[in-house]
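Order of the sequence lines sets the chain letters (A, B, ...), proteins ahead of strands, with each chain counted from 1. No hydrogens, no waters, no symmetry mates; every other heavy atom, side chains included, goes into these values.
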Amino acid sequence: MPELLQPVILGEGAPGRRGVVIPEPAVAAPELAEVLPASMLRREAPALPQQSELETVRHYLRLSQLNHAIDKGFYPLGSCTMKYNPKVNEWAARLDGMANIHPYQPESQLQGALEIMHDLQQWLCAITGLERCSLQPAAGAHGELTGILMIKAYHQHRGDARRTRVLVPDSAHGTNPATAAVAGFEVVTVASDGRGLVDLADLKSKLDDRVAALMLTNPNTLGLFEEDILEIQEAVHAAGGLLYYDGANFNAILGTVRPGDMGFDVVHLNLHKTFSTPHGGGGPGSGPVVVGKALEPFLPVPIVVRDASGTYRLESDRPLTIGRVKAFFGNFGMHVRAYAYILAHGAEGLAQVSRDAVLNANYLKANLKEAFEMPHAQPCMHEFVMSGSRQKAKGCNTLLMGKRLIDFGIHPPTIYFPLIVPEAMMIEPTETESKETLDRFVTAMHTIAREVDETPEVVQQAPHTTPIKRVDEVLAARKPVLRWRP
Amino acid sequence: MPELLQPVILGEGAPGRRGVVIPEPAVAAPELAEVLPASMLRREAPALPQQSELETVRHYLRLSQLNHAIDKGFYPLGSCTMKYNPKVNEWAARLDGMANIHPYQPESQLQGALEIMHDLQQWLCAITGLERCSLQPAAGAHGELTGILMIKAYHQHRGDARRTRVLVPDSAHGTNPATAAVAGFEVVTVASDGRGLVDLADLKSKLDDRVAALMLTNPNTLGLFEEDILEIQEAVHAAGGLLYYDGANFNAILGTVRPGDMGFDVVHLNLHKTFSTPHGGGGPGSGPVVVGKALEPFLPVPIVVRDASGTYRLESDRPLTIGRVKAFFGNFGMHVRAYAYILAHGAEGLAQVSRDAVLNANYLKANLKEAFEMPHAQPCMHEFVMSGSRQKAKGCNTLLMGKRLIDFGIHPPTIYFPLIVPEAMMIEPTETESKETLDRFVTAMHTIAREVDETPEVVQQAPHTTPIKRVDEVLAARKPVLRWRP
Amino acid sequence: MTYAYLPHTPADRAAMLDSIGVSSMDALLSHIPKALREVRLDLPRPHAEAEIQQRLARLAARNVSASQQASFVGAGVTHRYRPAAVDQIASRSEFYTAYTPYQPEVSQGTLQAIFEFQSMICELTGMDVANASMYDGSTAVAEAALMAVRVTNRPRVLVCGSVHPEYEAVTRTYAQGPGLVIDSLPTRADATDVAAVKAALTPDTSALIVQVPGVLGTVADLAGLADVVHAAGALLVVVADPIALGVLEAPGRWGADLVVGEAQGLGNAMSLGGPHVGYMACRDAHVRQLPGRICGMSQDAEGRPCFTLTLQTREQHIRREKAASNICTNQALNALFSTIHLALLGPEGLRDVARTSALRAHHLADRLTRLPGCRLAHPESPFLSEFVLTSPVPATQLRDALLARGILAGLPLDTWWPERTHDLLIAVTEMNAPEELEALVAGIAAVVSAQGGQRSQEAVHA
Amino acid sequence: MTYAYLPHTPADRAAMLDSIGVSSMDALLSHIPKALREVRLDLPRPHAEAEIQQRLARLAARNVSASQQASFVGAGVTHRYRPAAVDQIASRSEFYTAYTPYQPEVSQGTLQAIFEFQSMICELTGMDVANASMYDGSTAVAEAALMAVRVTNRPRVLVCGSVHPEYEAVTRTYAQGPGLVIDSLPTRADATDVAAVKAALTPDTSALIVQVPGVLGTVADLAGLADVVHAAGALLVVVADPIALGVLEAPGRWGADLVVGEAQGLGNAMSLGGPHVGYMACRDAHVRQLPGRICGMSQDAEGRPCFTLTLQTREQHIRREKAASNICTNQALNALFSTIHLALLGPEGLRDVARTSALRAHHLADRLTRLPGCRLAHPESPFLSEFVLTSPVPATQLRDALLARGILAGLPLDTWWPERTHDLLIAVTEMNAPEELEALVAGIAAVVSAQGGQRSQEAVHA
Ligand SMILES: Cc1ncc(COP(=O)(O)O)c(C=O)c1O
Ligand SMILES: Cc1ncc(COP(=O)(O)O)c(C=O)c1O
């Protein structure tokens, strides 16, 4: 029977071993049993590992070796903007004066941190073309919730209680409808048309006085710019609704186009995509929201402001605020990184970022369009979606081709999303990849396409080079084993 | 034709790419061509890589994956003391106040650093049982040179010009005779006896007024304690010679036995072995020397002293000093790590270190003595040497068995050293390895011994699991390719 | 201008445009309305890396860090020892530059670490199953409230006064979406008043939320609470400090249905309040209502045990508007920090952290309450390592006076409750060496006696 | 007591002793004379990791770091920008916890990095071959002297006054072993005086050692030097700053036989002077006399190109007393830092570092020499980014006066030469932003004019 590549650490070690020694109390004080009732004290110690520091280090080092990562190779995961995470950002966030500060210190002890947050708020306003920013949300979906709750508060404040619906295109990311639902709205889906863009007619047919907002990603999840955006925004606003901008795809327009100019009322940004903070294997993120005049009164508290004297303060006195969406001020460590990232580029550099991102995506698209089906012929923005249906017909679906890519040292694209393209492969190269890397990817994809024709079993049994072979995801859900037990 | 696993970085990239941006001068100043004669200016730029930060990071990350390392697995490399390198030491050496200080700052700005060096000097005196310490040497061999030059100066100062010889046992490490030779001495080899210890008779026969010193490692490179050490030291001293202690094996006696008590006049310590500073793939090391009264006047300068007022100073005014052996004060970054390591243990903990090191070695020896030839039956200290001659007779020599160990995730032992044991395998587990790890090693060695009997070709073609197969070292020396060329 | 993160040379760009078959970048963007493309951003000029470092170092130096003063502020964020190995290992590129492990074949490292995190959380809380993390403690509480509402189908939530005010605030914000009603049990620091709970539970109440140790440091007795809550058809949600669980009985043993909390103290920097990591654990019966990612065991094609994300039909990317939550990105890396820290500590290390902190806190409380006019605000309640000192000097004044001595003495409670002007919340951890305790005692003594002196002077002159 | 680095429990130890067949540790050590085994060491008690951190942080805080002041001290150790990527990548466990790559099959990472280091050094110096590193610049110079002696079989070495005094001192120490004679050319900062060299060369001279830029920052013209030296049968050894070689002509082009130096400025922290990294490059003809490790290309059993240490018959572990040097451990990790730094810089980045430093230095020199009584000590010699300012105020006094302004103005030359009381060696790098230059000018101006004022006052009162 094959074993786990690395045992689960909880069962490892021997009683009495430890990986770190803790200072003795070294004061005169009663033991715990004397200050707490016996019933409150733990009877059975938790079954944690008992290992030396070395063995613990080895365990996690070995686990790390089992991951793909940006620093190891190409990661063209659509919608995720797997760009390079600059090392100086990591350095900055770990500075003593950044990492070891407490949110309840007096503001006088936090002027450097507050300046960073203040400037970042300003810069994000400039970048989005909007008025006011809160850095509090912890991720994209959290920003969405914040934005939609503000929209709810806006309509409520106007006494407009009928607006119970949020419109969401069928190409939208899952968090959009989920957020609207969590915020107590009914979700109404808007169809895409043959161009892959919002079907204007369908949209208009659904616009009425029950609509609180339209949530839009632009470019959308097909990587296509919603060319009718000005018309869309007029229609939604005319119907009394607001426009929510999902900033997950902001890398496409950074420094080039601004949501505020497109007529959006609120934007969330994913600092962990566009602004290069690391994904960390699933987080942390940071999802600041930036709003226009209409929503400004409803922003969560606190917000950082700058006195006339140049002193930075936390402002909480905002009567119409929706309140807090998170304890403290958001994921400050990510703010520091995004701040450093913006400093490295300036306006000119950020525009170059989006232009190179768009260039890279179009380059890949142009070079793959012979071998794979491209549902949308027009130029894409920072990513594009192609279909594996031609290959599926030959017995190798998108999932299998993705797994096969692993053997070339490349992470599979996002697959089966967006839902409106069959056998979707969503490819986002990002601007930090060189032409050489893109060319290697093109070669790999062509090789796979050829294998589908000539040696489909090679694709069907992929991946071949990983320490574990294809994982049975159905089994995991059918017989859930969700924890180690002693 | 197979290719390099990873291309040599010098040829990579494209003109104009770069991995780091440098600040503009941003001052009014003439260009270089105006301040330096044209002839002095470089005509042709060096052919360095031209890559983005990401591609450079990937290159070296991929290279790193090709290494074995302590943090990946067991590394029983005899004589090298591949113990765990504590992470808090790495943290400490990178503190702004440790890493970013200059040796020519005024002493008033360096009191923390000087205190560390001062205390470390004191502690190393306590640990060795000697009088005075210099932290200047950069490695073990450098400490040896420092010590031997002091011995030379000592005899010269006494007007004793006949002492042109240094005695070195045949089991000694190569740096011992090499050092003596570099220091202008004639090297005379002392034989080992059947016990694996210094042959007393041979030693005595070579002791005369031409002998400047005996260089000894104790325990010696067979891992055996020189039981006659008190007799040896008397004989050498009686002949007017001095005793040099090679501290490479200090891990065997840390906190348990002291060279000063054994009669040694000078010791070098390898902070990169005994005191847990990392080997770094071949350095940096740090080789402090500690001396008794006889050699104290000859120590290199400067040395850190503490004023009556508690201020730390660099003392250079030592008339008989041999001078500097290195610019500045030694490898300070290593001093910081060793300081942290000693703090973590105290006297009691250091004694436990050597006891566990000895325990581990004897445990391995006891469990391997059936399968492999043990030339010396007595208990060993922190390491032991066994012979692969039995297996060699069956077609699998020590080299091959070492390569085969790699397939078990274990680094080969030191092989073919010391020279006096045929097919030597020198095994030093260190104290930081758990019983479970040692047991896995024993199992691996027994498996290999069985393979030698049953499937020798498996051993002969090892390693099987590495990204490159057995390397042709002869070819490298026959047709040297020592650099990349454009 | 050249940028270190952008590899393309002008020649690269030209070749690529050529390959695409367009003449310029502008041509490639021509489908975007031209008016929209004319932006000029008011941002700083591009900075060289050395300049970025210097600027950020300067900004950092304008904050006072916990290593620069003796810090006694806790209240949900604690200055604890982070073993050097935690950051050095978790900072490996393979961990922090990976995405969510949607492709298990190239993500076993992240997946197994999540599985270990879940398992450790279960061990600490005494619960059956835990998720891969929540944004933080506050949103974990809010999501627990929403989950209780889903499970019970009841629209009210009862929040005990021992819950951190910011956690309650976030819960109230989240409640605005579905329009839930949040009821408060009055702020009480002492052992949970079972009778008061019973009285406050309504047939619409989906859950009672309590916190151990409470935000004021006191430890409530959870015995019997679950029975009362369950009898009313509601769930018991316990917000617990995972480090305290090194010595306190696991909430699961007391019958909790949901245990949530903040694990910052385990391996995560304070970082001005984020990124931290929330956790959430429940009973097997409710796992399909649990928000967030869950990692489970499976097998590969050759029968080798391995890990994968599972039960994804709870999640937004599969179920969209019917998902249990909208959460997507969570705090995976922070959970990894906690996991490595717990692995290093083991059961004994964890106990030592809690014990050293608590014993020092009790020593400090004992010393402080001997000072004239100083007393514990809640002497009737047991506490662990955080307590409220009532002093004769207004707490903010006291705190500010001690800053000059390099001591951050605690959190003045009027931050949250304007009427508690003389109460200072003091937290003690293993980072507060005995000398720091001495310094705090001496500092408070000095301020208090100066004030006493001033007062008696005023009395004389009056 | 438990230690985090020692895994054994008492039970482990008992089981192992049992397996060995001895009753106790003492029994295992019984062959050591008992008297020797009775030691008690006067050392600090064992410290918990948090205590170690706090103690070391406190000690670090008692040093003044280069990020806390504007630093203009160079003289062989430079405060240069170290890109964050350098340390983060070189700090991977796989690099720093590996040993010397004696087993090439599990060491290709280290080996290829060494090969790249050697190649980059060759590119910079214009030489044929370089070794894997030396301890530092000083020992590289000393070993170069010994190597020249081996190659030429002559016992004297001529050291130019432009060589760093500590490098010369180390060379003199090394010379004591074989009893070599070190001759000095008088300290001269200006272009090398070919006539003086010619006069000083003797038939016993094995090498002339010169430094570019010289220790005082001046750049000597190497044209024609090699011819003179070679005509005398000696070797030309050039000590070169590798960063300067980003803009200066490669010494190989001037006919150098050996090029050595210190590469600290490339990616290595100043760290109070070590660990740094020396380099050494020579002509193909002399490679078998080169000390230290060398990595070469080879092939594996399947014909794949790969790397291995080679030409080991020069080394102590093979040749023992006949080896070219006794060096074993070198500065591999520091060489890796340099290699990664050079890879990030590329040719243009390296040039930028040298250019920004030099242009700022010239701007500063220009500004300073406009101050009353201030002038360049060596106006006749071109310099790059370091220069000597002669000021009316004694240099140590000047330096000390500026400390209070947060400026470390340079190195007073009486540190080395007691007679040079008014000379301050000032180094400028890309880390000295224009504002720092301004501050230095203002600071020196203030001190100089105060002194001037005082002097005129003294004059009045006299
Ligand atoms: C288009 C889109 N919207 C929203 C999100 C949610 O962002 P987060 O994961 O930060 O919550 C994502 C994340 O993948 C996304 O791609
Ligand atoms: C016994 C012995 N002596 C001396 C040395 C030389 O030490 P270093 O490599 O630090 O110069 C070694 C190193 O392996 C050794 O094992």
Participant: With a 4.5 angstrom heavy-atom cut-off, could you sort out which part of D:Leu359 is near chain B: side chain, backbone, both or neither?
Facilitator: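 Both backbone and side chain.
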
Participant: With a 4.5 angstrom heavy-atom cut-off, could you sort out which part of B:Ile406 is near chain D: side chain, backbone, both or neither?
Facilitator: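 Answer is side chain: those atoms of B:Ile406 sit under 4.5 Å from chain D.
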
Participant: Given heavy-atom pairs under 4.5 angstrom as the criterion, report whether the side chain, backbone, both or neither of B:Pro463 touches chain D.
Facilitator: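 It is the side chain, since no backbone atom gets that close.
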
Participant: Should B:Ile127 and D:Leu43 be marked as a side chain to side chain contact (heavy atoms under 4.5 Å, CB included) after you check the CA-CA gap, both sets of side-chain angles, and the distance that decides it?
Facilitator: CA-CA 9 Å; B:Ile127 287 168; D:Leu43 294 177; 4.0 Å; yes

Participant: Go through B:Pro278, B:Ser64, B:Gly97 and name the one with the most non-hydrogen pairs under 4.5 angstrom from chain D.
Facilitator: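 Most pairs with chain D among the choices: B:Ser64.
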
Participant: Tell me which one of B:Lys403, B:Arg470, B:Lys469 satisfies side-chain hydrogen bond (donor to acceptor under 3.5 Å, both in side chains) with D:Glu105.
Facilitator: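 Of the listed options, the one satisfying the test is B:Lys403.
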
Participant: With a 4.5 angstrom heavy-atom cut-off, which part of B:Ala366 approaches chain D: side chain, backbone, both or neither?
Facilitator: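 For B:Ala366, the contact with chain D is made by the side chain alone.
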
Participant: For the side chain of D:Gln176 and the backbone of B:Ile322, is there at least one donor-acceptor N/O pair under 3.5 Å apart?
Facilitator: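 It does hold such a pair.
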
Participant: If we ignore angles and hydrogens, is there a donor and acceptor under 3.5 Å between the side chains of D:Ser67 and B:Asp96?
Facilitator: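 D:Ser67 vs B:Asp96: donor-acceptor pair found between side chains.
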
Participant: Would you please test D:Met297 and B:Leu475 for side chain to side chain contact (heavy atoms under 4.5 Å, CB included) and show each step?
Facilitator: CA-CA 9 Å; D:Met297 248 190 179; B:Leu475 173 70; over 6 Å; no

Participant: Take D:Met270 and B:Ile101, measure what side chain to side chain contact (heavy atoms under 4.5 Å, CB included) needs, and give me the verdict at the end.
Facilitator: CA-CA 6 Å; D:Met270 298 193 295; B:Ile101 53 179; 5.8 Å; no

Participant: Given a strict heavy-atom distance threshold of 4.5 Å, which part of B:Tyr60 is in contact with chain D: side chain, backbone, both, or neither?
Facilitator: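 When you check distances to chain D, atoms from both the backbone and side chain of B:Tyr60 fall under 4.5 Å.
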
Participant: Hey, what do you get for OH (D:Tyr96) to CG (B:Asn67), rounding to the nearest 0.5 Å?
Facilitator: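 Reported value, rounded in 0.5 Å steps: 13.5 Å.
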
Participant: Hey, does the side chain of B:Glu227 reach the backbone of D:Pro33 with a donor-acceptor pair shorter than 3.5 angstrom?
Facilitator: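 Checking the backbone N and O of D:Pro33 against the side chain of B:Glu227, no donor-acceptor pair under 3.5 Å is found.
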
Participant: Give, as side chain, backbone, both or neither, the part of D:Val287 having an atom under 4.5 angstrom from any heavy atom of chain B.
Facilitator: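 Contact with chain B is through the side chain of D:Val287 alone.
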
Participant: Shortest non-hydrogen contact from D:Val77 to B:Pro103?
Facilitator: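 So the minimum-distance heavy-atom pair works out to CG2-CG, 3.8 Å.
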
Participant: Is it the side chain or the backbone of D:Cys295 that comes within 4.5 Å of chain B heavy atoms, both, or neither?
Facilitator: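 It is the backbone, since no side chain atom gets that close.
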
Participant: Report which part of D:Asp366 has an atom under 4.5 Å of a heavy atom belonging to chain B: side chain, backbone, both, or neither.
Facilitator: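 For D:Asp366, neither part sits under 4.5 Å from chain B.
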
Participant: Side chain, backbone, both or neither: which part of D:Arg55 has a non-hydrogen atom closer than 4.5 Å to chain B?
Facilitator: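 Just the side chain, heavy atoms under 4.5 Å.
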
Participant: Looking at B:Asp71 and D:Arg92, is any side-chain nitrogen of the basic one under 4.0 Å from a carboxylate oxygen of the acidic one?
Facilitator: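 B:Asp71 and D:Arg92: not salt-bridged.
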
Participant: Using ring-ring contact (aromatic ring centres under 6.0 Å, His included) as the criterion, point out the one residue from B:His279, B:His68, B:His272 that pairs with D:Tyr99.
Facilitator: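 Result for ring-ring contact (aromatic ring centres under 6.0 Å, His included) with D:Tyr99: B:His279.
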
Participant: Where does D:Ser325 contact chain B at under 4.5 Å (heavy atoms): side chain, backbone, both or neither?
Facilitator: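 Just the backbone, heavy atoms under 4.5 Å.
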
Participant: Are a donor atom and an acceptor atom from the side chains of D:His8 and B:Glu433 found within less than 3.5 Å of each other?
Facilitator: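 Checked: D:His8/B:Glu433 side chains show no N/O donor-acceptor pair below 3.5 Å.
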
Participant: Report, as yes or no, whether the 6.0 Å neighbourhood of atom CD on B:Glu24 holds more than 12 heavy atoms from other residues, nucleotides or ligands.
Facilitator: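 Incorrect, the count does not exceed 12.
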
Participant: Heavy-atom cut-off 4.5 Å, strictly under: side chain, backbone, both or neither for D:Leu29 against chain B?
Facilitator: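 Just the side chain, heavy atoms under 4.5 Å.
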
Participant: One thing to verify: whether B:Glu348 and D:Arg45 come together as a salt bridge, which I'm taking to mean a side-chain N less than 4.0 angstrom from a carboxylate O.
Facilitator: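 Judged by the 4.0 Å cut-off on N to carboxylate O distance, D:Arg45 and B:Glu348 do not form a salt bridge.
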
Participant: With under 30° as parallel and over 60° as perpendicular, where do the rings of D:Tyr135 and B:His142 fit, or are they tilted in between?
Facilitator: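 Ring orientation of D:Tyr135 relative to B:His142: tilted.
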
Participant: Tell me, side chain or backbone of B:Leu10 under 4.5 Å from chain D's heavy atoms, or both, or neither?
Facilitator: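 Side chain of B:Leu10 only, per the 4.5 Å heavy-atom cut-off to chain D.
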
Participant: If the threshold is 4.0 Å, N to carboxylate O, is there a salt bridge linking D:Asp128 and B:Arg483?
Facilitator: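 No, no charged N to carboxylate O under 4.0 Å.
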
Participant: Counting only heavy atoms closer than 4.5 Å, note whether B:Trp123 contacts chain D via side chain, backbone, both or neither.
Facilitator: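 Contact with chain D is through both the backbone and side chain of B:Trp123.
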
Participant: Side chain, backbone, both or neither: which part of B:Lys72 has a non-hydrogen atom closer than 4.5 Å to chain D?
Facilitator: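 Only the side chain of B:Lys72 comes within 4.5 Å of chain D.
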
Participant: Is B:Thr56 close to chain D through its backbone or its side chain, or both, or neither, when contacts mean heavy atoms under 4.5 Å?
Facilitator: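 For B:Thr56, side-chain heavy atoms alone lie under 4.5 Å from chain D.
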
Participant: Just checking, is any N or O donor in the side chain of B:Thr175 or D:Asn326 under 3.5 Å from an acceptor N or O on the other one?
Facilitator: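 D:Asn326 and B:Thr175 do not have a side-chain donor-acceptor pair below 3.5 Å.
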
Participant: For D:Gln312, is it the side chain, the backbone, both, or neither that has a heavy atom closer than 4.5 Å to a heavy atom of chain B?
Facilitator: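 Side chain of D:Gln312 only, per the 4.5 Å heavy-atom cut-off to chain B.
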
Participant: Go through the atoms of B:Lys326 and report whether side chain, backbone, both or neither lie under 4.5 Å from a heavy atom of chain D.
Facilitator: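 It is both, since atoms from each part get that close.
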
Participant: Is it the side chain or the backbone of D:Ala223 that comes within 4.5 Å of chain B heavy atoms, both, or neither?
Facilitator: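 Neither part.
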
Participant: Side chains of B:Phe328 and D:Leu272: closer than 4.5 Å at any heavy-atom pair?
Facilitator: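 No, their side chains stay 4.5 Å or more apart.
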
Participant: Side chains of D:Ser91 and B:Arg94: is there a donor and an acceptor less than 3.5 Å apart?
Facilitator: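 Yes.
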
Participant: Using non-hydrogen atoms only, which part of D:Leu124 is less than 4.5 Å away from chain B: side chain, backbone, both, or neither?
Facilitator: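 Both backbone and side chain.
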
Participant: Taking side chain as everything from C-beta outward and backbone as N, CA, C, O, which of these in B:Glu115 sits under 4.5 Å from a heavy atom of chain D? Side chain, backbone, both or neither.
Facilitator: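 For B:Glu115, the contact with chain D is made by the side chain alone.
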
Participant: Restricting to non-hydrogen atoms, name the atom on D:Asn63 and the atom on B:Ala113 that form the minimum distance, rounded to 0.1 Å.
Facilitator: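 Taking D:Asn63 first and B:Ala113 second, the nearest heavy atoms are OD1-N, 2.8 Å.
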
Participant: Heavy atoms only: give me the nearest B:Arg355-D:Met25 pair and the separation to one decimal.
Facilitator: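 The pair with the smallest heavy-atom distance is O-CE, 3.3 Å.
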
Participant: Checking D:Leu403 against chain B: side chain, backbone, both or neither under 4.5 Å from a heavy atom?
Facilitator: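 The side chain, not the backbone.
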
Participant: Taking atom types as modelled, find out whether B:Asn100 and D:Ser65 have a side-chain donor-acceptor pair closer than 3.5 angstrom.
Facilitator: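 Side chains of B:Asn100 and D:Ser65: no pair found under 3.5 Å.
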
Participant: Could you look at B:Leu95 and say if it's the side chain, the backbone, both or neither that has a heavy atom under 4.5 Å from chain D?
Facilitator: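 Interface part for B:Leu95: side chain.
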
Participant: Between D:Ser19 and chain B, with a heavy-atom cut-off of 4.5 Å, which part of the residue counts as in contact: side chain, backbone, both or neither?
Facilitator: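 Both backbone and side chain of D:Ser19 come within 4.5 Å of chain B.
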
Participant: Check each atom of B:Gln50 against the heavy atoms of chain D and say whether the ones under 4.5 Å are side chain, backbone, both or neither.
Facilitator: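 Side chain of B:Gln50 only, per the 4.5 Å heavy-atom cut-off to chain D.
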
Participant: Any carboxylate oxygen within less than 4.0 angstrom of a Lys/Arg side-chain nitrogen, looking at B:Glu3 and D:Arg304?
Facilitator: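 No, this pair does not count.
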
Participant: What part of B:Met82 gets within 4.5 angstrom of chain D, counting heavy atoms only: side chain, backbone, both, or neither?
Facilitator: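 The side chain, not the backbone.
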
Participant: Report which part of D:Ala75 has an atom under 4.5 Å of a heavy atom belonging to chain B: side chain, backbone, both, or neither.
Facilitator: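 When you check distances to chain B, atoms from both the backbone and side chain of D:Ala75 fall under 4.5 Å.
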
Participant: Please rank B:Gln65, B:Arg17, B:Glu90, B:Met262 by heavy-atom pairs under 4.5 Å with chain D and give me the top one.
Facilitator: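 Of the candidates given, the most pairs with chain D belong to B:Glu90.
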
Participant: Could you walk me through whether D:His79 and B:His102 pass the side chain to side chain contact (heavy atoms under 4.5 Å, CB included) test, one step at a time?
Facilitator: CA-CA 8 Å; D:His79 180 217; B:His102 193 291; over 6 Å; no

Participant: Give the member of B:Ala347, B:Pro480, B:Gly13, B:Ala45 that has the highest number of heavy-atom pairs under 4.5 Å with chain D.
Facilitator: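 Greatest number of close heavy-atom pairs with chain D: B:Ala347.
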
Participant: Using 30° and 60° as the class limits, which term best fits the ring planes of B:Phe225 and D:His31: parallel, tilted or perpendicular?
Facilitator: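 Correct class here is perpendicular.
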
Participant: Can you tell me which portion of D:Arg293 sits under 4.5 Å from chain B's heavy atoms? Options are side chain, backbone, both or neither.
Facilitator: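 The side chain, not the backbone.
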
Participant: Could you tell me which portion of B:Ala92 (side chain, backbone, both or neither) has an atom closer than 4.5 angstrom to a non-hydrogen atom of chain D?
Facilitator: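 Just the side chain, heavy atoms under 4.5 Å.
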
